[in-house]
Each structure stands twice: as structure tokens, then as C-alpha cells.
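Read the structure below first, then the notes.
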Amino acid sequence: MKLVIAEKPSVGKDIAKVLGATHSCDGYMEGNGYICSWAYGHLVTLYDCQDYDEKWKSWKELPVLPEIFKIKVINDTGAKKQFKILKELMFRDDVDTIICATDAGREGELIFRHIYNQCRCKKPIERLWNNSMADLKRDFQNLQEGNSQRFINLYHSAYAREKADWLVGMNLTRHFSNLYCSYGDKPLSIGRVQTPTLKMIVDRENEIKGFKKNYYYKLQLTYKDIVAENDEKLENKEEATQLAQSLDGTSSIIADRKVELKKKKAPLLHDIGSLQKECNKRLSLSAKETLNAAQKLYEAKLITYPRTDSKYLNASMKSDVDKLVEELKKEKEYVIASDVSKVLDDSKVTDHHAIIPTANAISSDIGGTEKDVLDIVIDRTIKAVAPDMTYEHLSCVIKAKDIEFKASINKTIEKGWTILEKEDGTSSILDEEAKKNQSLYQYQTGDVLNPVSVVSLEKETKPKSRYTDETLINAMEKAGAKDFKEIEEVERVGLGTGATRADVIETLISRGYIERKKKQLIPTQRGIELIKVVPENITDVKLTVEWEEMIADIKTGKLNEDQFVDGIKKYVSDIIGTTEKSDEWTVKNKNVLEEKCPECGSNLVVKKGKYGKFTACSNYPACKYIKKEEKKQPKQTGKTCPNCGSPLVKRKGKFGEFIACSNYPECKYTEQTEKKCPECGKPLVERKGKFGKFIACSGYPACKYIKK
């Protein structure tokens, strides 16, 4: 019997169907010589600080540098139950082999190995290296040796990355929170991906705020419907005007005429990043909203796995995708040729292939946001395999005296995939649809245009736009791109991954570093000042580039995992040892008061306790001063108690305001405040009903008013 462990339940159940393991059990499927079970992603994770040593529970104890890293099952009831099931299955007497069927990549390897190691299992491992359910049967016939050095190195590269992120996150989050956060303030958060991402947003905001509008001038020539422009930007308005006047009304000549046949290639299939960008642009969905919608579509078996960084399919999928595309075109009533081979490339498929719809999507009746996202996936799938658009590009250089002007026009030869574009802002408007430059086709090199009109156009420089989810994800993908290209065997490029970038954005928002206003992402004062006080070697994407280079070396066996982790330990120790509090931090904690403690002189702070808010010394536990709050005195009514003669006062109770004797509890006299009925003007009174006390009009039943 072979035990197959997948990364998630949906994949495990799909594998079970292929293998004929049809008997459903609690947490696994069994049959035909296989047991198919699954994790819930990361079932096993690194220890928390206090798990190593109780003293590390305090944020003041730094640096936190475990000699040996340890792992544990995550603190979740469902996860603990599934881990127990996996452990029992591993040690079943009839199980002789464990098949690792987690995602084909370093994170998938980490998930499996952590579970396998935590269970103390020693049984042989076979590795399913698969990124397409369509290839599952074939790949199960070609299982690889799970304990080969290739997979062991892959695991160590992933484990090294996990340890490094833990060391940086735990230590630097605590260190900078200790420096800049007071009691009750939200702690600062530092991360290898989130902090450089925040810096990009802050830098963009600083550019916008520091932008100074400038004007420049460009010469424009017109002749009939021909509009041509000079490339040079002129800074002096008077010189530009004089030059335009000197050319206006003169003759010009077609100095050069060139006709080229060009192509506008069909867009590639969607990976999660491009899907998020398009949904943000067209549907105004945040990256997280798109990811959530895509995940629901995946769970409903309407699209393939969405958390992918690939825009290509496996070559073995050709026949299935051919059939799928034909069905999709028929459903959409699209009449266009298709060539699936355009999107087939095994070398460009990472852990998972590109996002495409499944056959179930053809007859789906799903609605709402999910339908909109599904439509985008379907349309992109059809466009990606459609013919390229071809067009004729005519460009001319027109000379007026010695000044060159350029004009061009495009003529469509074959519309190709662009015939599917919609008039919703996604279509590419061609010059032929405009009225200018049509007559360029009438002229040849050497022809004279006389007279021409030349004017000077005033233009202004504009600041860059604030980031949106679309443009930020694009920037994260391209961060450090030149440096990443130099690294062999690198598995991840840019900041974060397609599966994590949406969470990074939401994390920055939840931690108060940025705000989302409509589609714009804007840094808060807290975010701006964090970037001011954090050293550059934390905010620079080069840190990630260096990490990925070393992780790639671990993957290929050139570098030892411990060497890399020791380097990260030194990195965080150096930052903690050299970084002191900066005067740049001016964010005030609203819980810290200007009022001083009368016993030690420290600031008083507002705290929350069992019985609500109270004011105490910020120097606790060294100083345990608590400010006694003066009780608010009840309002006097000017009347006296008919029982004891003491003044009557207004008090508030469970059922609202009432009048009582100030000599309570010796005298328990009370009466209702005389409130008037808003409908008839008679006094309101307290009554008892089926569901308890209520306030109603004393004029009942003539008036049936009841206070809500």
C-alpha cells in the first residue's frame, strides 16, 4: 500500500479519483492499493520564540537566535486532527512507501518534509513531480526517488528561506517596536518583502509631493489631415514661438518614407499577478479580492489552480486544451482561429501551469464577482491562442527647412485576437480609426507639401500616479529584475510571489502603514516615518536578491544551509547592535498622555482593564500608580424627597433616566422623570409586559405610543 500526501484536500481527492482510491474515510481516500491524504498547506511550522525559552516571551530580550531551529504542528484544531491522521497513516503496517505529491517547487517540498520529519517517519519516499492534473496518470508512472540529493537540497533551500524570514521578522519587528512604540500602540512590523514594498509606496508619495510642474514646448506641423511632431522638447517659450513662426507657411518635403509589416502579439495566459492587475483595472477589485474570487472558482472546479506564477501550459495538455478552447468559442459565439501550441512550453511552467477555465466553466451559472473574474479568465484563454494581429505601419519624416517632423499611421491587415476586444477600455485604438494622417499614403519620398502650418504647443510635466493594486503588483514583480536575471536556478524573482503579493498589500493596510482610497494606495504618517527610521539595507530589494542567490546555491548544493542562516543571524544582530532611536519618528501614541505620574514623573497612559479604561503610569511594573477617577456628581432637580427631605437627583439606570433620593441606600425613594409622549403630550410611564419592562404613554389605550 502506498500513501500519497497532497498539499490540500481538493488536490488529494482529485488524485484519489485518478488512482481509483474511491473509498472515503475521515481525512483520506483509500482503494486500489493507494491511500490518498492531504495537508492543509503548512500543517507544521517553526517554533515561536517562547517555545525555545520562556525569557524570549519578552520583547525586550534580543536578539532571538535559536541554536537549533525546531518545528511544531500549527495551533489549529483542524490542522492538529489532520496531522494525527497523517501520522497514523504513515505508521500503518500495510503502508510501505510514502509518495510526496505536494506542489512541484521548494514550498511544496518544505510542506511535505516538515510533516514527514515531525512524524519521525523513516519509510521510503517517492516524489511525484507534477504541475498538471491532465498529466497525473503519466507522472505516476514516472515517480522519482524522493530522497535523491535534488529533493533534499530543494527542501534545505526552502527551510533556509523560512528560517531567514523568521529571524528577520521576529527580531527586527521587536527591535523597532521597542524603539518607537509605547504602551498600547500597535507594534511595528518589519519584513523582507513588506518593508521594501512599503518603501516603494513611500518613495512614490515623496516624488509626488516634491514634484514641481514644468512647462516645455514642442513644434507641430500640419498639412491637410497630416499631423507631424518634432521630437525635441524646447524649454524656452519665446524661442519655440519664434522657430514655429519661421517655419509656418513654408514648404516641406517628405524626406523619408518607410512601410513595415508589424505584429501585435496575443496576450499570454493569466498567472495570478496578471489576473489581479486586469481585475483591478477593469473591475476595480483589490488584489486580495481577485485572489479570493479565483480561489472560490478553483474550489468550484471552474478554473485551474490560481496561485501560479506561470503563463504557459504543459505540452502534454495540448489535446485537452484544444478541445476546451473550441467549446469556449462555441459558448461565446466567437469565430476565430486558434493555435494552442503558442502557449505550450514545459520550460516556463513552474509549480503550476497558467490559469485557464475547466470544462465545467462552459455550463456554469455562477454569478457576481466570481462570474466577472471567470469571464476574464475565459476571454484571456481564447485570446492567448488566437492569431497575432498584423498591421502595416507607415512612418514618414517631413522636413521643414532643417527641422524634422515625424508622422505615422497604421493599417490593419489581419485583426487576429484584437477582434475579441471589447469597448470597455480594453481595446487598442488604432490610428486608422482616427481621421488624421490618412493622406500619407498618397505621398512618396521627395514629394513637397506646400504650404505647411507650424505651431508651438505648450505642454506640462506631470507627476507619477500613486500606486494601485495593479501598478504595485507590477512594480513588485519587476523589483530587482536585472539582478535576478544574473542568478542561475533562481526560483522566485521580484518581491514576494504571485500567491503572496496580495497578502503583503493587505498586511501593510492592516498594520496602518498605507491606506486604500478608491483604487489608490497611499502611505500614512506611520508608514512614511517607518521608512525614515529603518536602515536602508532592510528597505532595499537587494536583500531579497542576495537571499535568492544564496538560496539558489543551496538548491544546487553549492552552499550549506547553516552557512546561510548564520549569515542572517549576524545580519539581524548587527542591526540590533547599531540601530538607535531616531528623532525622525514623530508619530504620537494617542494612549500616552502629556500628564506626568505624581510618583515617578513618567508619562501617564490610558490602559484597558477588566472594568474598562483607566489611567496609570507608563513605567509599570516599576511604578504601580493608578489615577483615581473622580465620580461624576448626579444632577440636582431642585426638589426634595417626600420621604426624608433630602434633595432629589437625576440618575441613569437600566431603563434610562430616573429621579431618586440623594440619601440612597438609606432612602430608596424613586420616581420617573416626566417625559412627554411625542404623539399626544401626556407623561410617559414605565409598564411591565410579556417581555419585560417598557416605556409607554400614560394615555393608553387612547394613545398607543411605545418608546423604542
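Each residue takes its place number in the sequence, starting with 1. These numbers were taken from a predicted model, which means no experiment stands behind them.
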* Asked: Taking 4.0 angstrom as the limit, do K519 and E470 come out as a salt bridge?
  -> no

* Structure fact -> Exactly one of R516, K277, K281 clears side-chain hydrogen bond (donor to acceptor under 3.5 Å, both in side chains) with D469, and that residue is R516

* Without swapping roles, check the side chain of T102 against the backbone of I111 for a donor-acceptor pair under 3.5 Å. => no

* Asked: Just checking, is any N or O donor in the side chain of T507 or S510 under 3.5 Å from an acceptor N or O on the other one?
  -> no

* Asked: Parallel, tilted or perpendicular for Y52 and W56, by the 30°/60° rule?
  -> perpendicular

* **Side-chain donor or acceptor of T471 paired with backbone N/O of T468 under 3.5 Å** => yes

* Are side-chain N/O atoms of R150 and Q144 paired as donor and acceptor at under 3.5 Å? -> yes

* Counting only heavy atoms not in E460, do more than 12 sit closer than 6.0 Å to its CD atom? -> yes

* NZ/K233: more than 12 non-hydrogen atoms of other groups inside 6.0 Å -> no

* **Interatomic spacing from CD1 in I568 to CG in L543 - rounded to 0.5 Å** => 6.5 Å

* Asked: Just by modelled atom types, is the G105 backbone N or O under 3.5 Å from a matching donor or acceptor in the D103 side chain?
  -> no

* **K163 bridged to E561 by N-O distance under 4.0 Å** => yes

* Carboxylate-amine/guanidinium contact K570 D566, below 4.0 Å -> no

* Is the closest side-chain donor-acceptor distance between N75 and K80 under 3.5 Å? -> yes

* Asked: Can any side-chain N or O of Q276 pair as donor or acceptor with the backbone N or O of A287 at less than 3.5 Å?
  -> yes

* S157 side chain to L154 backbone, donor-acceptor under 3.5 Å -> yes

* Can you tell me if R511 and S189 form a side-chain donor-acceptor pair at under 3.5 Å? -> yes

* **Salt bridge E207-K464, side-chain N to carboxylate O under 4.0 Å** => yes

* Go through the structure and list residues passing salt bridge (charged side-chain N to carboxylate O under 4.0 Å, His left out) with K596, not counting sequence neighbours. => none

* Structure fact -> By side chain to side chain donor-acceptor pair (under 3.5 Å), D51 pairs with (sequence neighbours left out) K72

* Structure fact -> Sorted by chain and residue number, the salt bridge (charged side-chain N to carboxylate O under 4.0 Å, His left out) partners of D583 (sequence neighbours excluded) come out as none

* Are R127 and E109 within salt-bridge range, i.e. N to O under 4.0 Å? -> yes

* Under the salt bridge (charged side-chain N to carboxylate O under 4.0 Å, His left out) rule, what do E162 and R113 come out as? Steps first, then yes or no, please. => CA-CA 13 Å; E162 185 180 35; R113 297 275 173 175; over 6 Å; no

* To do: Supply the atom-to-atom distance E584 CD to K581 NZ, rounded to the nearest 0.5 angstrom.
  => 13.0 Å

* Examine Y305 together with Y298 and report whether their ring centres are nearer than 6.0 Å. => yes

* Asked: Are the side chain of E61 and the backbone N or O of S58 linked by a donor-acceptor pair below 3.5 Å?
  -> no

* Asked: Do the two ring centres, one from Y47 and one from W166, sit under 6.0 Å apart?
  -> no

* Asked: Which value, rounded to the nearest 0.5 Å, describes the distance between N292 atom CG and L285 atom CG?
  -> 10.0 Å

* **Atom pair CD/NZ of E370 and K296 - distance to nearest 0.5 Å** => 5.0 Å

* Asked: Any luck finding a side-chain donor-acceptor pair between S274 and D271 under 3.5 Å?
  -> yes

* To do: Please test R161 against E548 for salt bridge (charged side-chain N to carboxylate O under 4.0 Å, His left out), starting from the C-alpha separation and ending with a verdict.
  => CA-CA 9 Å; R161 192 277 314 153; E548 288 296 344; over 6 Å; no

* Could you walk me through whether K218 and E232 pass salt bridge (charged side-chain N to carboxylate O under 4.0 Å, His left out), step by step? => CA-CA 7 Å; K218 296 195 80 172; E232 188 178 357; over 6 Å; no

* **Pairing of K199 and E536 as salt bridge, 4.0 angstrom limit** => no

* Under 6.0 Å between the ring centres of Y155 and Y159? -> yes

